[in-house]
Amino acid sequence: MNAIHTIDDYERYIGKEAVRRVKEKARPLRDMHVMHMNSTYYGGGVSQILASLTLLMNSLGIQTGWRVVHGPPDFFSVTKKFHNALQGGEINMTGRKKEVYESVVHENAIRNHLDHDVVIIHDPQPLPLITHYRRKSPWIWRCHLDLTAPNRKVWNYLVPFIERYDAVILSCGEYRRDLKKPQVFFTPGIDPFSIVNKDLSENAIDERLEHYGIPTDLPLVVQISRFDRWKDPEGVIRAFQKARKEEECTLVLVGNVATDDPEGAEVYRSLLAHRNERIIVKSVQDGALVNALQRRAAVVLQKSIREGFGLTVSEAMWKGAAVIGGNVGGIRQQIEDGKSGFLVSSVDEAAERIVRLLRDPDLRGRMGNAARERVREHFLFTRTVEQYLDLIGSFEP
Ligand code: UPG
């Protein structure tokens with residue numbers, strides 16, 4: 001089991017001064033009750049963040065809880081369609097979808113008594129909850145999606161819910177929307193002590209890869225993501241097939257299916273047709289495997305077409321991997337193209353960068369070092385914690 005860490009444990013990564021600052025900011029907020037609510041305890045970036053964030057906030061003396069919205073498959077099918085449309089996909093906005101969405105959220109409101117000093121609602125699934133409470137305290141909506149170009153139909157429908165909140169948190173400045181309420185911009189970050197990120201010995205890495213039958217005779221090209229079309233797994237396969245004509249390598253696509261994502265299983269099945277001796281596709285729920293692959297890979301890809309932030313990018317960069325990311329949203333904030341990784345906009349570009357990195361271990365080493373330093377400075381979740389503290393502290397008591 002992982003030990004529960006306190007802010008002092010992070011000093012080795014963030015330094016004394018940052019630890020002192022976080023403690024100082026937490027002090028006036030001690031004993032406050034803060035409640036986070038999202039739509040899954042397992043799978044995907046939001047649950048990954050909340051798992052670490054809620055523990056560290058509690059260790060700082062802020063009583064921080066985590067609840068999950070419950071609903072039937074129909075509900076999650078509708079909310080996944082909203083998710084896709086918010087990232088720019090098409091949607092048929094029927095009265096039935098609105099009815100399923102609003103009535104399930106209403107049921108959740110009845111059974112959740114959200115009387116806390118601050119309530120933080122994550123993503124669209126529980127968004128309308130706010131309409132069912134006589135609020136005495138600040139409510140914040142934290143949207144994790146890529147809002148570069150949301151579909152107008154779904155956005156216009158959701159705006160009246162969003163505008164009831166006291167503040168909205170988005171991951172990048174470029175997601176700013178025309179809203180009556182304050183918008184705050186900060187990215188999530190990764191926890192160096194989580195199972196996905198903690199140090200692993202070479203033996204432990206070998207053991208995990210062997211356990212899952214991942215061949216290590218050739219350099220590994222890896223993408224790890226929820227099985228989701230926005231992560232462009234098909235584009236990764238095409239880029240790999242092109243690159244492989246020039247350099248020998250093995251592709252490993254590992255993913256999981258979040259409990260609030262009904263499309264995941266279908267995306268996974270569609271990828272199975274591409275499997276062969278050199279294209280490994282696995283659906284597993286093992287953070288240690290993610291960790292081992294990011295450490296052992298010659299090249300890590302995150303070739304997303306839309307990406308609110310992309311924790312997998314920082315996770316791999318933190319391990320000193322050479323990362324090729326889609327030139328979109330949150331990935332653009334993490335990778336400085338040509339320095340701490342590569343940004344690409346097409347399959348051909350991705351293939352060319354894979355080949356270049358496979359042929360040049362020095363380049364991989366330089367990029368990996370720059371990448372780790374970039375994450376240490378900007379994308380550890382202690383910084384996210386500090387930004388939450390700033391925001392919570394900014395509300396009038
Ligand atoms: N992961 C696993 N096992 C897998 C696949 C993924 O543990 O097989 C983990 C992965 O290591 C990471 C998380 O799941 O920690 C996935 O997070 P992320 O890469 O951020 O993607 P999403 O699940 O799509 O998360 C949403 C947004 C994303 C944003 C995140 C937090 O799409 O852009 O970074 O929320 O704001």
Side-chain angles (χ1 to χ4, degrees), residues 36 38-53 80 83-84 86-88 120 122-125 141-148 169-172 175 185-198 208 212 214 222-233 252-261 263-265 267-268 271 280-295 297 300-319 321 323 325-326 328-334 375 379 381 384 387-388:
H36 288 267
N38 77 321
S39 59
T40 176
Y41 278 124
Y42 182 76
V46 181
S47 61
Q48 193 78 243
I49 294 164
L50 287 179
S52 292
L53 186 91
K80 182 69 204 244
H83 169 117
N84 290 340
L86 283 169
Q87 298 212 125
I120 305 173
H122 294 259
D123 280 343
Q125 297 91 340
W141 187 52
R142 203 298 177 223
C143 179
H144 294 267
L145 305 181
D146 182 333
L147 291 184
T148 308
I169 308 173
L170 306 173
S171 291
C172 310
Y175 302 159
F185 303 93
F186 58 84
T187 68
I190 63 160
D191 180 358
F193 292 120
S194 71
I195 292 172
V196 169
N197 296 314
K198 68 180 186 184
R208 276 300 80 187
Y212 288 100
I214 293 173
V222 168
Q223 175 159 303
I224 296 157
S225 287
R226 276 185 309 104
F227 289 111
D228 184 321
R229 303 258 178 238
W230 296 111
K231 314 282 184 184
D232 198 18
V252 184
L253 282 177
V254 162
N256 57 5
V257 177
T259 55
D260 61 348
D261 180 0
E263 291 174 0
V267 173
Y268 170 63
L271 297 174
I280 317 288
V281 181
K282 284 197 186 292
S283 175
V284 290
Q285 312 199 338
D286 184 350
L289 174 65
V290 172
N291 192 336
L293 279 168
Q294 288 170 336
R295 287 180 193 280
V300 173
L301 284 159
Q302 188 55 62
K303 207 200 145 307
S304 308
I305 305 164
R306 287 275 195 268
E307 195 64 80
F309 177 68
L311 290 169
T312 50
V313 174
S314 272
E315 288 165 0
M317 290 169 75
W318 176 244
K319 295 164 187 114
V323 184
V328 292
I331 299 179
R332 262 208 289 260
Q333 299 211 50
Q334 298 176 70
V375 174
F379 302 117
F381 93 118
T384 316
Q387 283 166 308
Y388 268 114

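As the structure lists them, so they are numbered: ligands from 1, and atoms in each ligand from 1.
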Under a 4.0 Å heavy-atom limit, does [X] contact ligand 1 with its side chain, its backbone, both, or neither?
| X | answer |
| --- | --- |
| His144 | both |
| Thr312 | both |
| Glu315 | side chain |
| Lys231 | side chain |

Over all heavy atoms of both residues, which pair between Pro124 and Leu86 is shortest? Give the atoms and the distance, please.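 Closest heavy-atom pair between Pro124 and Leu86: CG-CD1, 3.6 Å.
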On a heavy-atom basis, which atom in Val300 and which in Ala321 lie closest, and how many Å separate them?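 For Val300 and Ala321, the tightest heavy-atom pair comes out as CG2-CB, 3.8 Å.
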Mind checking whether [X] has an N or O less than 3.5 Å away from an N or O of ligand 1?
| X | answer |
| --- | --- |
| Gln48 | yes |
| Arg226 | yes |
| Ile224 | no |
| Ser171 | no |
| Gly45 | yes |

To the nearest 0.5 Å, tell me how far [X] [atom1] sits from [Y] [atom2].
| X | Y | atom1 | atom2 | value |
| --- | --- | --- | --- | --- |
| Tyr388 | Ile120 | OH | CD1 | 5.0 Å |
| Asn38 | Ile49 | CG | CD1 | 9.5 Å |
| Glu315 | Leu293 | CD | CG | 12.0 Å |
| Glu307 | Ser225 | CD | OG | 6.5 Å |

Give the single entry among Ala316, Gly310, Gly329 that approaches atom 29 (C) of ligand 1 most closely by any heavy atom.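 Checking each option, the heavy atom nearest atom 29 (C) of ligand 1 is found in Gly310.
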Which of the numbered atoms in ligand 1 are below 4.0 angstrom from a heavy atom of [X]?
| X | answer |
| --- | --- |
| Val284 | 8 (O) |
| Gly255 | 4 (C), 8 (O) |
| Pro188 | 31 (C), 36 (O) |
| Glu307 | 27 (C), 28 (C), 32 (O), 33 (O) |
| Gly308 | 33 (O) |
| Ile49 | 31 (C), 36 (O) |

Protein heavy atom at shortest distance from atom 2 (C) of ligand 1: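 For atom 2 (C) of ligand 1, the nearest protein heavy atom comes out as Asn256 ND2, 3.5 Å.
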Nearest-neighbour protein heavy atom for atom 20 (O) of ligand 1, which is reported as residue plus atom name and distance: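 The protein heavy atom lying closest is Leu311 N, 2.8 Å.
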Look at the aromatic rings of Phe227 and Tyr268 and report parallel, tilted or perpendicular, splitting at 30° and 60°.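 Answer is tilted, since the angle falls between 30° and 60°.
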With under 30° as parallel and over 60° as perpendicular, where do the rings of Phe309 and Phe379 fit, or are they tilted in between?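 If you compare the ring of Phe309 with that of Phe379, the planes turn out tilted.
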When you compare the side chains of Ser47 and Thr40, does any donor N or O come within less than 3.5 Å of an acceptor on the partner?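 Side-chain D/A pair, Ser47 to Thr40: absent.
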Is it true that Asp228 and Lys80 have a side-chain N and a carboxylate O under 4.0 angstrom from each other?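 Salt bridge between Asp228 and Lys80, a charged N being under 4.0 Å from a carboxylate O: yes.
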With distance as the sole test, does Gln87 use its side chain to make a donor-acceptor pair with the main-chain N or O of Leu145 at under 3.5 Å?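 No; zero donor-acceptor contacts below 3.5 Å.
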